[in-house]
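Scope of the values below: all heavy atoms of this structure, side chains included, with no hydrogens, waters or symmetry mates. Every chain is numbered from 1 and lettered A, B, ... according to where its sequence line falls, protein lines coming before strand lines. This is a predicted model, so every value here is computed, not measured.
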Amino acid sequence: MKNGKMAWLARRMAISAVLLVLVSALIFAATQALPGDVAAMILGTDATPDQVAALRTQMHLNDPIIAQYFSWLGGIFVGNFGYSHIAGLPVASFIGTRVKNTFVVVTISMLFALPFSMLLGLITALYKDRWFDRFVLAFSLSVNALPEFVLAVLLVILFSTNVLHILPALSILSPGLAITSQLPSLVLPCLTLFLLQITYLYRLIRSAVIDVLSTEYIQFAELKGLSLRRILFRHALPNAAVPALQAAATVFAVCVGGVVVIEYVFAFPGIGTALTDAVGNRDLAVVQFIVLLIATTFIVSNIVADMVTALLTPPGRGEGQ
Amino acid sequence: AQSETPKQGGTLRVAVPGSATGSLDPHRTQGFVADIVRFTSLTDGLTEYLPDSTVGLVLAESFTANSDATEWTVKLHKGVKTHDGNEFVADDVIYTVERILDPKNPTKGSSLIGFVDPKAIEKVDDHTLVFKLKKPYGLFPNVWANRYLRMVPRNFDPAKPIATGPFKFVSFAVGQESVFEANEQYFRGRPPLDKVVLINVGEEVASINALRGGQVDISYTIPYTQAKVIEADPGLHILNNPSTMSIPIYMRTDIEPFNDVRVRKAMMLIADREQMVKVALSGYGLVGNDMNGRTVTPCATSAVPQRKQDIEEAKRLLAEAGKSGLKVDMIAYRGTAGMVECCQILAEQAKKAGVTINVKILEMAPFIANYPQWTFGVDFLSDLYLPVATRSLLPGSPFNTAHWDDKEFNALQEKAMASTDEGERCDTIAKMRAIENERGGNLIWGFANVLNGYRDNVKGLVPYSVDSPLYYVRNIWLA
Amino acid sequence: MSVFVDNLGIELAGSGKPIVKGVSFEIKPGKVLGIVGESGSGKTTVALAMLGYARNGTCISKGSRVEIDGKDILSQTATEIRSMRGKLVSYVPQDPNASLNPALTLREQLVEGLVTGRNKMNRAEALERVSSLLAEVGLPSTREFLERYPTQVSGGQLQRIAIAMAIAAHPRLIVLDEPTTGLDVSVQNDVLRMVSRLCTQYQISAIYVSHDLAVVSHVAHHVLVLYTGRVVEYAECRDLFARPSHPYTRALLQAIPSIRERRELRSIPGTVEANRMTGGCVFRARCLFARAKCEIEPDLSESGPADHLVRCHWPIQGPLERLLSVIEREDAAAAQPLLQIVGLNASYGRHAVLHDVNLDLHPGRCFAVVGESGSGKSTLSRSIVGLHSQWDGKIELQGRRLEPNCRRRDRGSQQSIQYVFQNPYGSLNPRRTIGDSIVSVYSHFFGVHGNNAQRRVKETLGRVGIPSSYFDRFPNELSGGEKQRCAIARALICSPQIVVCDEITSALDVSVQATIIELLRGLMRDGLSLIFVTHDLGVVRSIADDVAVMNAGRLVELGNSDQVMLAPRADYTRHLLANSLELVDA
Amino acid sequence: MTERQLTMTMLPEKHASSLVLRLVGSTRVRIGFMLMLAVVALAIAGPFFAPYGPTELVGVPFDIPQRDFLLGTDTLGRDVLSRFLWGGRSLVWMSLAATAIALTLATTLGMSAAYFKGRVDDAIMRLIDLKLAFPSIVVALLFVTMFGSGKLLLVLLVGISLAPTGARVVRGAALSVVGREFVQHAQAIGVPSYRILLRDVLPNITSPLLVEVGLRLMWAISALAGLNFLGYGIQSPEADWGLMINENRNALSIQPWAVLAPVAAIAIFTIGGNIFAEGIARVVGRTDKEEAQ
Ligand SMILES: Nc1ncnc2c1ncn2[C@@H]1O[C@H](COP(=O)(O)OP(=O)(O)OP(=O)(O)O)[C@@H](O)[C@H]1O
Ligand SMILES: Nc1ncnc2c1ncn2[C@@H]1O[C@H](COP(=O)(O)OP(=O)(O)OP(=O)(O)O)[C@@H](O)[C@H]1O
Ligand SMILES: [Mg+2]
Ligand SMILES: [Mg+2]
C-alpha cells in the first residue's frame, strides 16, 4: 500500500515535471511572437535603432531562440531563474516578496473560506429551500455576478472611504516589515478573495451535503439514534468535503494566478500585477518565472488535494484488506 | 502658504504612478513619473526650473558666455558634499556629461546636449569648467535644468545612488516603495521633511482612495474627472499645475495621406478644440493653436489667430486633395490622461467631415517597437518651446513623429538657439510658431494641466509648469 | 411485555395520500413477525415506522400507535425518539454495504451508538461490549479487524456487524429489513439461524421483512402479507403457508419456483399498482375471483381458525393445489453444438477470475450457470458476448472462432449472440423511448428505417407481451418487469441464435420473475438457445436443460439439470442445495 | 379491466412532453428565463429607444443624471443611457457564444475521455492539466497582444479557457453513464462510438451540463469583463457593457450610473442564467431520480 502511494506520487511528479517543461516551452515560444522587446522598452521612444540593436546583443536577445531557452532552462536547475532586465535585478530577488505577499493573502483567505464554506454549506443543505438558504444563495449569486473590480471597490467604499473608515483602502506593504505584522492592510484584499471563494465553495459543499444526506448510511445513522451533531459533523461532512477539497485546490491555484484585478484596486504588491507588467514590458524572465510558479502551484495544490482526498476516502472494495 | 515658515520633521508619503523599473539612475531611465520623482530627490542639476518656468542656479554658481555664445564658463558652488562626504567638483561634471553622452549606453538626456563634446570640456580648476561648443548656444544654462541632466559624482553606482541631492537613499523595493531620508548636509539647507516614502500605485482609483483614506499625503495622479471629489473634501486639496504638457496629434508629413498639407490642415479644421479640452481634460487645460509652447515667456504671446472648427472648409480641402471620405488608422497609447480620449473625440468629430478614424489603442511595447514610424497618432511632450522644437520638430530628432523637415523652420531654430539676445530670440520663436501653425505636422489641440492631490497638512506645494512640484520635494513640509 | 401496533398508517407529507394504511399487529417477546410483500408494497415503510421514522416527504398518520415495552413511541418528542432508537428498538438495514458509512472504521461505527443516549457507557465498556457482541455474531474482535473500513469486509460480515449493532443495547424490538437479500445462500442461512437464536436467547421481539416467502417461512412465527400498503392476510406462519386464504397470497406462492421439480410457473396477471388505495379491494384488478362486491373494500376478518385474518370477501379455504403441470425435459440431440467454449481463462488485470472453463451449448436449449456471488458467472457471460475481452482460450460460434472484443467481431456474431442485463433499470436509455431504442437496434442490423422498422418492433414487443402503446414511452414509465421484457425484445429483434441472460430476474419480484421465465420458455420452443446465469437454484430447476455449477472461477459440476439437482456429484453442489431454502412444507 | 387499460391508469404523468411541461411549470426556470429574456430583449431592442447615438459626444464627462441625460454622462461626455441601451448586444452574444464553445469543447473532450478510457483518457486529461496549469490570463494577454482584440478571438479565448474544468465535470458525469448497461449493449452490437456518445451518453448528462451552463455563463461574462479591465477587451468607442464598466470605473464614486447600469444588467443576466440552469437541473434531476426508483 505504502509502496503504491509512493509510486503514485512519483508518477505524478514525473508527469508534472514534463508538464512544467511544456508550459515553459510554450510560453517561451509565445512570447517570441509578441511585437516589441525588452530592449526597446528600456530605451524608450527616443532611442535610435542602433542603440536598440546594441542593447539587444548585450542582453543575448539575438541568440537563437532554442539556445536562449535552454540557457534559461539550464539556469533553473542551479536555482537561477534569470534576470529581470526591467528591474535590473535577478528575478528571484525581484519577485520574492511579491510571491510571499500573494501566497500569504490567498492562504489567509482560504483558511477562512474553507471552514466557513463548510459550515455555510452544511447549514444551507440542512435548511434547503428555506429562507436562509435562499438568502445565502441570492447573496452568493450577486457577489458572483459582480465583476471582481466592482466588488472590491464597493468594499473600499464601505470600509475605507465613504461609509466607514475602519480599514486602510490600500494594501501598502512596507517591504522592510514582515507581511504578517501588517495585517490590517491585508484585510480588504483577503475579504474580497474570501467572498469570491466562499460563494463558490459553499455551493459545492451544499450540493455535496445534500447528496450525502440522502444516502442510506445517513438514514441508518439516524436510525441508530445518533445525535444530529454527530450525524452532520462525523458522518456527513467528511464525505461531503471531498469534492470541495478538489475545488478548493483549483480555487487556490486560480487565486494565486488570477488576482490581478484585486491587486490593482488595492495596490497590492503581488505577482498578478507583476505578471501583467512583465508581459507589457516584455520582461521575459519574469513572465517565465511567474507562469511557472502559477503552474507549479496548480500542480502541487492538486496533488495535495488528491492526497488529502485519499486520506479522507476509505479504500475502495477489494483495495487493501 | 509661502509666507509660513516651514516646520521641520515628519514623513511624507506620496503615491506615484506605478512603474516596474528598478532604476534609480537619473540618466538610464524609462522616465516614468515614479522614476523621476525618485532621482530628482537624490540628485541636483547645474540649474533647475522654477515654478514660473524660468531657470534657477543649483550646483552652478554662475554661467558666463563669450560673445557669440560658443564658449561657456561654469563656476560650481564650493563646499557641496555628496552623501558620502566627498566634495562635488568639476571632474564630476565632466564624468556626468560623458556618462550621458556615452554612445554605448544610451540615455534619455543625450539628445538634449548633443551639441556638447565632452572632450571639449576644459577643467580650469576644481570648481570651474569651460564648455567649448561647435555652434553658438544662447540658452546654455537653461538646458541644464532638464530633469534628465542631473549631476552625479564619479563612479556613480545606481544600486547605491550617492549624489548631492536633498535626500539620501534608504531603501528601494522595485515597483513597490522607495524610502529616502533628509540629507542633513545639504548645501542649500536641510530639507524640512525627515523622510520621504514613495509608494507605487498603478491604479488611479487606488491612489485617490489612498489619499482619501489617509494612507498617503500626496497623490501624484488625480484624473481630471475626479478633481471635484477631492475639492469637495475639506481635508483635501488639488494642486492645479499649468503644465507645459501638450498632447500633439501627429501626422506624418512624408507619406500618404498627410504629406499633402491640405489634408493636415483639414484635420486641424476638423478638431473642435474647445470640446476636446472640455471633455478629454475636463476643462483642465488650455486650447492649442497647432503650435508648441503653452507659454513662451518672457516673449509675447502669439498673434496668430486661433484656429477654429470649420467642417466645410475641411471638406473642401479634402476634396481638393482628392481625399474625401478619408479612412485612416490612428495609433494611441495610454501615456498620460487625455491622450486616448482626444483621439476618440477627434474620431467622433471627424465623422461630420466624412473622415473615418479608426483609433487603435496600443500597449507600450508594440507602440515603441515601431516608434516613431506611425503614420497618425498621438504623443505627449512636456517642456519649454525650444527644447521641444529641438527634440521633436527637427529632422532626425528623436520625437519627430511627424517626420517634419521644413528648411525655413530648421534655420530659424538654429538662429534661436544661437541667439543671445532675448528680443531677437522672441522674434524668431514667433516666426517658428507661425510656420508650425501654417504647415506643421502636429495638430496641437490643447495643453493639459497636471493635477496633484494633497492633504491639508502638506505645505510648500506650488504649481509648476515645466516640471512637477514633486520633482522638488525639498520644498515640501508637513504642518 | 410485547410490541403492539395499532392502526399504523404512513402517508405522503403534502397530499396526505396514504402509502400504508391500518396496519395492526402484536409481537410477543422472543417471537418473530414476518412481513412479506412485493416491491413497493410498503414493507420498509412499516419497518421504519417502528422506530418512529418516516422517510423524507412522508409522515406517520395521526391515530397510529406503536407501543414497545409499554412505551408509545409515536407520542414522544423528537429527542426522546432519538434516544430510544438503538436502545429500545433497533434496525438492521437491507443493504449494509450502503448503510455503513464508508469513511468510518467499523470500531467507530460499532461504538458510537453505545456511548451516547440513554444508558450510555464509557469507551472502555463499550469496546468490551463490542467484542462480546462480535463473538456473538461469529466475527473476530481483533484490533486489526475493528480498524477496517466497511469496504474491507465481505457482505455477509457486514450484515453480521449490522446485527451486532442492533442487539448491542439489548433492545426490545429489532427490525430486520431484508437482511439477507443479496447474500449468498450459505451466508443467508447462517444469518437466519443467528437471528432466531438471538431472539430466543434475549427474548427480543423481531420484525423480519422480506420479499422471499421461503426465507420468512423459516424464521417467522407470524406472517403479515402486504399488498400496496394494505395488510391482505395475517396468520400464524405454518397456518398461512398451509392454508393461504387470500387470492394474492395464493398467487404469490404459485409463482415461486421450486428446486424439487421442474414446473411451470404461474404469474399474476397485470402489475402492481403502487399507492392506489381507491376504495375497493386493493387486489381486485388482478384477482381471478374479483366480482362487483370487490369495489367495496373488505375488512380484515377471521377466516378459518382464530387469528388467521384475511382481507377478502371470498377467502379460499383449503391448501394450495401445489402441482401445476410438471414439464418433461428433453435430452439434447447430439448435434454439433451451437456455441463451444474451450479452455477459457479470464482475468481482470492480474487477477485471474475464470480458470479453464469448458462448455457446449446446443441449439434450442437452456444452459444455466449457477454459483455464488463472485464465482465468475458474469465474467463468463460477458466474455461470451465480448464485453469482457481479457481472456484466452476458445469460444466458437458454429465452429467460427470469436474475437475476444465485441467491437472486433463481425456483424453476424454481434447479431447472433445477444445479452440481457441483470439490472432492468440500467439496460434501457432513460432518455429514449422504448420504441426508439429498439428501432435503432433493428435499423443498425437490418438497415430498415421508418414504418417498416416500427411495425417490426411492435410485433416483437407483442411477442414479449408488451402492448404496442408502450412504443412511445420512456423507460421510467415502465415497471421493472416490463423493462426487462423490453430488454428481451431488444435482444429478439436482432433474430439472435443465443441470448445470454445474466441474472435477469434477480431484481424482480417472484410474480414478475414467473412471467419472464415463462416468456423465455416460450421463446426456446421457437428454437432460441439460452445461457441463463443465476444464483437461484429454483429458477435453474424450472427452466434449465443443462447446468454448470461454478465455484471460484471453476466449473465444479456439469450435467443435465435433473441429474445435478437430484443427484449432485460435487460437494459444492450438495452444499449449495443444502443451503437453498424451500418453502416449509405444509 | 384489461391489462392495457390498467397500466394506462396507473402510470405517472407522461414523460416526453412532460419534461417540457415540467420545465415550464418550474418557478425557477420561469424566473430565470424571464430575467435572461429581459436582458436579451434589452440588448436587442435597446438601440431603438436610445435618445442619442452610442458614440455621440453630448455633454461634459461624468455629468450626473438630469433631464437630458437620464443616467448622466460617461467619461467622454456621452449619454450613459444611450450607450447602455446600445451596449448589450456584443456582451450578450459574446458571452453566450463563449459559453457554447466552452461547453461544446468540454462535452466533446469530457465524454471522449470517459468513454474511450485508457490512453485517450490520459491524453485528454493531461492536455486539460496543461491548459489549467497555464494561467489563462497569460494566454489571453499573449493572444490579444499578437492578434488584437477581435471579438471572435475574445470569444474563442474565453471559450477555450473555460472548457477544461467543464471537461472534468462532464467526464465525471459521463463516467457513471458509460458503465451503464444500455451503453454496453450498444457497444456489444457494434454501434459506432460517435453515435453512442451522441445518442446514449450525451442525453444522460444533461443535468450536470445544464448546471455548467449557468456557471460558465457567469464566468464567461466575468472573464470578458476582466479582459476589459486589463484593456484587452472590446475597444472604445464601441458601446459595450463590459467596456462601459471599465471606461467609467474611476468615477464609481462620482457618477456611479455609468458603471452600475451595465453592472446591474450583467448581474441580472448571469443570475437569471444561473437560476434558469439550476431550475432545469432540478427538474431533470427529479426526473432522473424517479427513473432510478
Ligand atoms: N420518501 C418517499 N416519498 C414518497 N413516497 C415514498 C417514499 N418512500 C417510499 N415511497 C413509496 O412508498 C411505497 C412503499 O415503499 P417501501 O420502500 O416501503 O416498499 P418496500 O415494500 O420496502 O419495497 P422493496 O421491496 O422494494 O424494498 C412505494 O410505492 C414508494 O414509491
Ligand atoms: N471490473 C472488475 N475488475 C476487477 N475485478 C472484477 C471486476 N469485475 C468482477 N471482478 C472480480 O471477478 C470475480 C468474478 O466476478 P463476477 O462478477 O463474474 O461474479 P458473479 O459470479 O457474477 O457474482 P455475482 O453473483 O455477485 O454477480 C469477483 O471476484 C470480482 O471481484
Ligand atoms: Mg424495502
Ligand atoms: Mg454477476
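Shown here for D:Arg126 and A:Leu19, the closest heavy-atom pair between the two residues is O-CD1, 4.0 Å. Here the shortest heavy-atom pairing between A:Ala145 and D:Ile266 reads O-CG2, 4.4 Å. A:Pro147 and D:Ile245 make their closest contact through CG-CD1, 4.0 Å (heavy atoms, listed as atom of the first residue, atom of the second, distance). When every heavy atom of D:Phe134 is checked against every heavy atom of A:Val23, the shortest pair comes out as CE1-O, 3.6 Å.
Annotation: side chain of A:Leu22 is in contact with side chain of D:Leu130 (closest heavy-atom distance under 4.5 Å). Within the 4.5 Å cutoff, the side chain of D:Glu278 has heavy atoms near those of the A:Arg203 side chain.
For D:Met146, the parts lying under 4.5 angstrom from a heavy atom of chain A are both the backbone and the side chain. Of the two parts of D:Asp129, the backbone and the side chain both hold a non-hydrogen atom closer than 4.5 Å to a non-hydrogen atom of chain A. Of the two parts of A:Leu137, only the side chain, counted from C-beta on, holds a non-hydrogen atom closer than 4.5 Å to a non-hydrogen atom of chain D. In this structure, chain A has a heavy atom under 4.5 Å from the side chain of D:Val259, while its backbone stays farther away.
Residue A:Ile65 qualifies as open at atom CD1: its count of foreign heavy atoms under 6.0 Å is 12 or below. The neighbour count for D:Phe33 CZ, taken as heavy atoms of other residues, nucleotides or ligands under 6.0 Å away, does not exceed 12. The environment of D:Lys151 atom NZ is dense: over 12 non-hydrogen atoms of other residues, nucleotides or ligands sit within 6.0 angstrom. Counting heavy-atom neighbours within 6.0 Å of A:Phe81 CZ, excluding the residue itself, gives a total above 12. A 6.0 Å sphere centred on CD1 of D:Ile64 holds no more than 12 heavy atoms belonging to other residues, nucleotides or ligands. Residue-environment remark: CH2 (D:Trp219) exceeds the threshold of 12 foreign heavy atoms within 6.0 Å. Other residues, nucleotides and ligands contribute over 12 non-hydrogen atoms within 6.0 Å of the CE atom of A:Met307.
The most heavy-atom pairs under 4.5 Å with chain A, out of D:Ile275, D:Thr165, D:Ile268, D:Leu132, come from D:Leu132. Among the candidates A:Val18, A:Leu20, A:Val291, A:Leu146, the residue making the largest number of heavy-atom pairs closer than 4.5 Å to chain D is A:Val291.
Summarising the geometry, atom CG belonging to A:Leu151 is positioned 11.5 Å from atom OG belonging to D:Ser222; distances are rounded to the nearest 0.5 Å.
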Taking it one step at a time, do D:Leu142 and A:Ile27 satisfy side chain to side chain contact (heavy atoms under 4.5 Å, CB included)?
-> CA-CA 9 Å; D:Leu142 292 178; A:Ile27 188 102; 4.0 Å; yes
